[in-house]
Amino acid sequence: MSEAEKPGGTGGGTPPVQEWPLWEVFIRSKQGLDHKHCGSLHATDAKQAIQMARDVYTRRNEGVSIWVVPSAAITASDPGDRESFVDPMADKIFRHPTFYDLPDELKHM
Amino acid sequence: MSAKFDYVLRFGDNALVLGQRLAEWLGHAPVLEEDIASANISLDLVGQARLWLTLAGKLEGKGRDEDQLAYHRDQHQYRNFTLLELPNGDYAFTIVRRFLFDVWHCLCLEALSRSKDADIAAIAVKSKKEADYHRRHSGDWLVRLGEGTDESNLRAQAALDAQWRYTAEFFEPDAVDRAVEASGEGFDAASLRDRWLQEVSAALAEAALKLPAMEKYVSRGKEGRHSEHLSYLLAEMQVLQRAHPNATW
């Protein structure tokens, strides 16, 4: 296995782990749409993660394409930052395009 | 009884018995993801068995449907390979069995897709797509087990050594095989041996597993002569229909 395939691989050698690394799974439901996050699973490497994602998340014909990403590679925003990070947007309604009158003929907007 | 009925039963029973064995892993597989994969593959096989057994019932012409054939035949009337009825053992045993069968199954379905019988060909084409995935799954695990730890290699090798003798049956044509092959509706069982051995040898080499020696022993499950294990499997699988015939829910 190449270093690139190891989740969170940094080239510094992997310490022994009890549990298989976690992977985030993204599925594209049909051509032209985005891949959407649909869950996570444990697998030893990327190849196996794809295979398991197929069995765990596409049993009911949900997707045409699968991405897996090592969970360790995801950097998340800090929920503790919410006050300065997210809340200021709540009262700025002028940032939403809600002040246009749309003609009735216009559909799918 | 027509040879073709017997012939079609074999494919149905192979799928059904292996599907039942895989279903036994439900809730017991080594990891959750494998639990789901096993269940998927089990359901694929049971789905294939339904098609084959429905066709067998039609060929027989006595009004027996898939359920009657699955639940109301005894051990000596089952036509699956002996290999498939052996108890699951550990996960290495289960994977090795699947791999040996999956490689054969893909070759078999490919051959059957050229059958002159349109029903047989149609079921083969549909099943082949599933079998290709099954083979990929078991082949991948075979290499992981063989190349994994000393313990996993040891277990995979032990499973291989124990099961190898049961694979001769795949390639030993009997009167039923010959009759259906002669009419252009089946295939020459022996003709699959070389390609099977080639594919299996390549995978074993990659998995650092040793090819066992062929023995003279040939199991006869497809002729209805089974090991003791099949009756226990059937007892569990059939108990509800035997206790309450034609029960539905």
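Just so you know, these numbers use all the heavy atoms, side chains as well, and skip hydrogens, waters and symmetry mates. Just so we're on the same page: letters track the sequence lines, and every chain starts at 1.
- The two residues B:Arg136 and A:Gln51 have their closest heavy-atom pair at NE-OE1, 3.9 Å.
- Surrounding OH of B:Tyr133 are more than 12 heavy atoms belonging to other residues, nucleotides or ligands, all under 6.0 Å away.
- Other residues, nucleotides and ligands place no more than 12 heavy atoms under 6.0 Å from the CH2 atom of A:Trp67.
- In this structure, B:Arg50 places its CZ atom where only 12 or fewer heavy-atom neighbours from other residues, nucleotides or ligands lie under 6.0 Å away.
- B:Asp150 CG: 12 or fewer foreign heavy atoms inside a 6.0 Å radius.
- The CG atom of B:Asp140 sits 12.0 Å away from the CD1 atom of A:Ile50 when rounded to the nearest 0.5 Å.
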A:Asp45 vs B:Arg144, side-chain contact (heavy atoms from CB on, under 4.5 Å): CA-CA, chis, key distance, verdict: CA-CA 11 Å; A:Asp45 57 42; B:Arg144 287 178 190 281; 2.9 Å; yes
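- By the 6.0 Å contact criterion, CZ on B:Arg21 is enclosed, its count of non-hydrogen atoms from other residues, nucleotides or ligands being greater than 12.
- Of the possible polar contacts, one joining the B:Asn40 side chain to the A:Asp55 backbone as a donor-acceptor pair under 3.5 Å is found.
- A donor-acceptor pair under 3.5 Å links the side-chain atoms of B:Glu33 to the main chain of A:His42, judged by distance alone.
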